[in-house]
Amino acid sequence: MTPMFALVDCNAFFVSCEKVFQPRLEGKPIIVLSSNDGCAISRSNEAKNLGIPMGAPLFKIKEIVKRNQVHVFSSNFPLYGNMSSRVMETLKTFSPSLEVYSIDEAFLDLRSVPKSYLFSYGCDIKKIVKKWTGIPVSIGIGPTKTLAKVANNLAKKHPAGCYALLNPEKIEKVLENFPLQNVWGIGSGWSKKLSQFSINTALNLAKMDSHWIRRAFNVILARTALELRGVPCLSLEEISPPKKSLISSRSFGSPITSFEDLREAVSSHASSLAQRLREQRSCASLLSVSLKTNPFDNTGRFYSNTYLVPLVHPSQDTTTLIKAATLALEIIFREGLSYKKVGVMALQLLSEKHIQQPLFNAQNLDNSPKRKSLLKTIDNLNRQHGKGSVIFASEGLQKSWRPKASRLSPCFTQEWDQLVRVG
DNA sequence: TCTGGGGTCCTAGGACCC
DNA sequence: TCTGGGGTCCTAGGACCC
């Protein structure tokens with residue numbers, strides 16, 4: 001059976017999540033901001049029509065927002081994560097195999113659906129997802145993932161919200177008018193370089209010799225060209241593999257100068273990483289701490305530095321990670337600067353099953369059963385009572401470095417006291 | 001005053017080894 | 001004049017994605 005993929009993509013996902021619980025927002029211009037209330041990262045159609053670009057910093061669009069009474073929200077990731085699960089659960093009822101590609105996108109395997117029935121099947125999926133979750137989606141169907149992405153792009157402009165690319169003639173016709181930079185995997189950098197070879201449309205690329213592309217560019221691009229031609233190179237990945245690296249970083253709500261505050265922030269990031277490492281049953285063998293002042297500050301005093309700490313015994317223990325991260329911070333901290341952002345990365349992750357036990361250091365904290373059960377208990381408490389219910393002392397209680405989130409909507413789906421009230 | 005966060009993959013080039 | 005060659009591993013940087 002020939003492969004057939006659907007790409008289901010939620011329309012203006014974060015904005016749509018806000019709208020589900022606040023119907024008064026229907027038809028209004030709405031934006032959702034990035035962390036620290038920085039940039040617009042999700043826009044309703046009405047907001048797009050006002051000319052608010054994707055990623056626009058709030059301070060640059062303040063006038064438009066004020067003049068048009070745009071509704072502005074801080075990002076509420078617990079809510080979006082929960083809504084995402086609802087959408088994915090709904091999609092599972094339409095296909096036995098599904099790949100959750102991102103918080104608002106999933107690929108479905110539709111090879112078992114008869115070709116003549118695919119379009120209406122897609123329309124049904126759209127209808128049911130909207131009915132069961134309140135989230136509007138667009139659906140693109142095609143014989144490769146890349147073509148499903150192309151179809152999805154067209155579905156967004158199609159009244160049905162669904163578009164199927166099923167036969168070669170139609171595919172060729174569509175690709176002829178499809179801008180290169182809209183193809184999945186081709187950004188502005190590649191499309192500029194490709195245009196030097198007179199490759200300007202998706203069809204131009206599809207017709208190039210893939211060995212030549214491989215030599216002149218790289219394998220990823222060669223694969224993309226093949227996929228556009230209808231040759232599947234990317235399969236459905238139903239089980240998401242463990243992450244190879246983890247990052248925790250945040251910009252500060254207001255600039256931080258004191259080492260103590262930075263130490264608290266770094267501890268919080270390290271603690272969050274340790275918890276996520278335990279969750280995916282990995283240990284980090286390398287920790288990286290980065291620190292920077294405001295890069296938009298034009299006084300010429302920009303400072304940015306990173307320090308890598310190898311962990312002799314790969315670890316997922318909060319205390320070990322906090323200690324290592326603090327050590328790195330001490331090395332890169334410079335007195336007298338106003339810092340804007342700090343972040344911690346866990347690198348070179350190994351499965352906890354494959355960790356070599358230390359030969360000599362028998363008292364290694366990470367290994368004691370008591371220690372493991374303590375961390376497990378902390379994880380359970382935080383899972384049951386909400387993130388941050390139990391923290392390590394070094395993370396601090398004040399959190400003066402906390403990012404701004406002044407327009408946060410209620411956690412409608414996760415907190416009993418924030419449920420929607422009716423009547 | 002004000003500009004996000006979290007990932008992946010590939011490649012080139014250096015270090016090191018025999 | 002002439003200065004090995006092949007292999008592996010690691011890292012930084014660049015491209016992309018959402």
Side-chain angles (χ1 to χ4, degrees), chain A residues 7-14 31-42 52-63 65-66 72-77 80-81 84 99-107 145-146 149 152-153 180-194 213-224 233-234 237 240-255 269 272-273 276 280 285-286 288 290 292-298 302 306 308 310 338 340-349 402-407:
Chain A
L7 175 68
V8 182
D9 183 314
C10 302
N11 300 344
F13 182 54
F14 300 164
I31 56 173
V32 171
L33 301 174
S34 61
S35 165
N36 216 17
D37 290 349
C39 306
I41 52 168
S42 181
I52 296 176
M54 183 63 174
L58 180 60
F59 76 92
K60 283 193 182 166
I61 51 171
K62 228 164 72 182
E63 272 311 304
V65 167
K66 202 174 158 190
V72 180
F73 291 95
S74 303
S75 40
N76 185 346
F77 277 96
Y80 310 150
S84 173
E99 173 186 340
V100 177
Y101 177 66
S102 73
I103 193 166
D104 70 336
E105 274 177 66
F107 286 102
K145 281 178 151 184
T146 306
K149 273 271 191 185
N152 190 278
N153 194 295
L180 209 46
Q181 66 272 16
N182 291 357
V183 174
W184 188 37
I186 299 179
S188 56
W190 289 128
S191 62
K192 205 178 277 174
K193 273 181 201 145
L194 285 163
I213 303 174
R214 168 78 182 84
R215 277 198 309 276
F217 294 88
N218 61 25
V219 290
I220 300 183
L221 214 61
R223 223 151 43 195
T224 299
C233 303
L234 305 167
E237 288 175 33
S240 48
K243 299 266 187 289
K244 295 174 177 176
S245 66
L246 295 171
I247 302 176
S248 177
S249 73
R250 288 284 180 285
S251 297
F252 305 131
S254 49
H269 291 309
S272 149
L273 287 181
R276 284 157 65 198
Q280 70 157 25
S285 8
L286 187 64
S288 148
S290 307
K292 61 166 90 168
T293 60
N294 188 351
F296 297 99
D297 185 358
N298 293 323
F302 176 63
T306 300
L308 291 163
S338 273
K340 182 64 186 164
K341 181 173 176 177
V342 71
V344 183
M345 288 173 77
L347 304 162
Q348 294 179 358
L349 309 190
R402 205 193 301 268
K404 271 184 287 191
S406 60
R407 301 156 186 268

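In what follows, chains carry the letters A, B, and so on, assigned in the order in which the sequence lines appear, proteins first and then strands, with residues in each chain numbered from 1.
Listed candidates were B/dG5, B/dT11, B/dT3. Nearest to the side chain of A/Phe59 is B/dT3. Looking at the side chain of A/Trp184, the nearest of the listed nucleotides C/dC17, B/dC9, B/dG6 is C/dC17. When the nucleotides C/dA15, B/dT3, B/dC9 are ranked by their closest atom to the side chain of A/Lys193, C/dA15 comes out on top. Of all nucleotides listed (B/dG4, B/dT8, B/dG6), B/dG4 comes nearest to the side chain of A/Ser251. With B/dG7, C/dA12, B/dG5 as the candidates, the nucleotide lying closest to the side chain of A/Lys243 is B/dG7. Checking B/dT3, C/dC16, B/dC2 against the side-chain heavy atoms of A/Pro57 singles out B/dT3 as nearest. Set against B/dT8, B/dG6, B/dG4, the side chain of A/Ser245 has B/dT8 as its closest nucleotide. Closest to the side chain of A/Trp190, from the set C/dC18, B/dC10, C/dA15, is C/dA15. The side chain of A/Ser34 has B/dG4 as its nearest neighbour among B/dG5, B/dG4, B/dT3. When the nucleotides C/dC17, B/dT3, B/dG6 are ranked by their closest atom to the side chain of A/Ser248, B/dG6 comes out on top.
Of the side-chain N and O atoms in A/Lys149, one or more sit less than 4.0 angstrom from OP1 or OP2 of C/dC18. In this model, the phosphate group of C/dC10 is not approached by any side-chain N or O of A/Gln348 to a distance below 4.0 Å at OP1 or OP2. Look at A/Lys404 and you won't find any side-chain N or O under 4.0 angstrom from OP1 or OP2 of B/dG4. Phosphate contact (OP1/OP2 of B/dG5, side-chain N/O of A/Lys341, threshold under 4.0 Å): present. An OP1 or OP2 oxygen of B/dT11 is reached within less than 4.0 angstrom by a side-chain nitrogen or oxygen of A/Arg214.
A side-chain contact (heavy atoms from CB on, under 4.5 Å) with A/Arg250 holds for exactly one of A/His269, A/Lys341, A/Arg402; it is A/His269.
Within 4.0 Å of A/Leu33, counting heavy atoms only, lies no atom of the nucleic acid at all. Note on A/Leu58: nothing from the nucleic acid sits closer than 4.0 angstrom, heavy atoms only. Using a 4.0 Å heavy-atom distance criterion, A/Asp104 is classed as a sugar-phosphate-only contact. No engagement by A/Ser74 is indicated, since no non-hydrogen atom pair under 4.0 Å with the nucleic acid exists. Across all strands, A/Val100 comes closer than 4.0 Å to no nucleic acid atom at all (heavy-atom distances). Among the atoms of the strands shown, none is found under 4.0 Å from any heavy atom of A/Ile103.
By the 4.5 Å heavy-atom criterion applied to side chains, A/Lys244 and A/Leu349 are not counted as neighbours. With contacts defined as side-chain heavy-atom distances shorter than 4.5 Å, the pair A/Val342/A/Phe252 qualifies.
One interatomic measurement links the two molecules: CG of A/Asn153 to C1' of C/dC17, which rounds to 15 Å at whole-angstrom precision. For the pair A/Leu221 CG and B/dT11 C1', the interatomic distance rounds to 14 Å; values are reported in whole Å. In this structure, CG of A/Leu347 is placed 15 Å from C1' of B/dC9, rounded to the nearest angstrom. Rounded to an integer number of Å, the gap from A/His269 NE2 to B/dG6 P is 8 Å. Between the P atom of B/dT11 and the CZ atom of A/Arg215 lies a distance of 14 Å, rounded to the nearest Å. Atom pair A/Phe217:CZ and C/dG14:P shows a separation of 18 Å (rounding to whole Å applied). Note: CD (A/Glu99) to C1' (B/dT8) measures 13 Å, nearest angstrom. At whole-Å resolution of the value, CG in A/Leu234 and C1' in B/dT8 are 13 Å apart.
Across all strands shown, B/dC17 forms a Watson-Crick or G-U wobble pair with C/dG6, both key distances being under 3.5 Å.
When all heavy atoms of A/Lys404 and A/Gly253 are compared, the pair lying nearest together is CE-O, 3.7 Å. Across all non-hydrogen atoms, the minimal contact from A/Gly38 to A/Leu33 is N-CB, 4.4 Å. Considering every non-hydrogen atom in both A/Ser249 and A/Gly343, the closest pair reads CB-CA, 3.4 Å.
The aromatic ring of A/Phe296 stacks onto the base of B/dT3, its centre lying under 5.5 Å from the centre of the six-membered base ring with the two planes under 30° apart.
Between A/Ile41 and A/Ile220, the residue anchored closer to the 5' end of DNA chain B is A/Ile41, taking for each the nucleotide with the nearest heavy atom. Judged by closest nucleotide on DNA chain B, A/Ser249 is the one of A/Ser249 and A/Arg223 placed further toward the 5' end.
Look at A/Lys149 and A/Glu105 and you find a salt bridge, because one of the NZ, NE, NH1 or NH2 atoms lies within 4.0 Å of a carboxylate O, short of that distance.
Residue-to-nucleotide contacts include a donor-acceptor pair under 3.5 Å from the side chain of A/Lys62 to the base of B/dT1.
Ring centers of A/Phe73 and A/Phe14: at least 6.0 Å apart, outside the cut-off.
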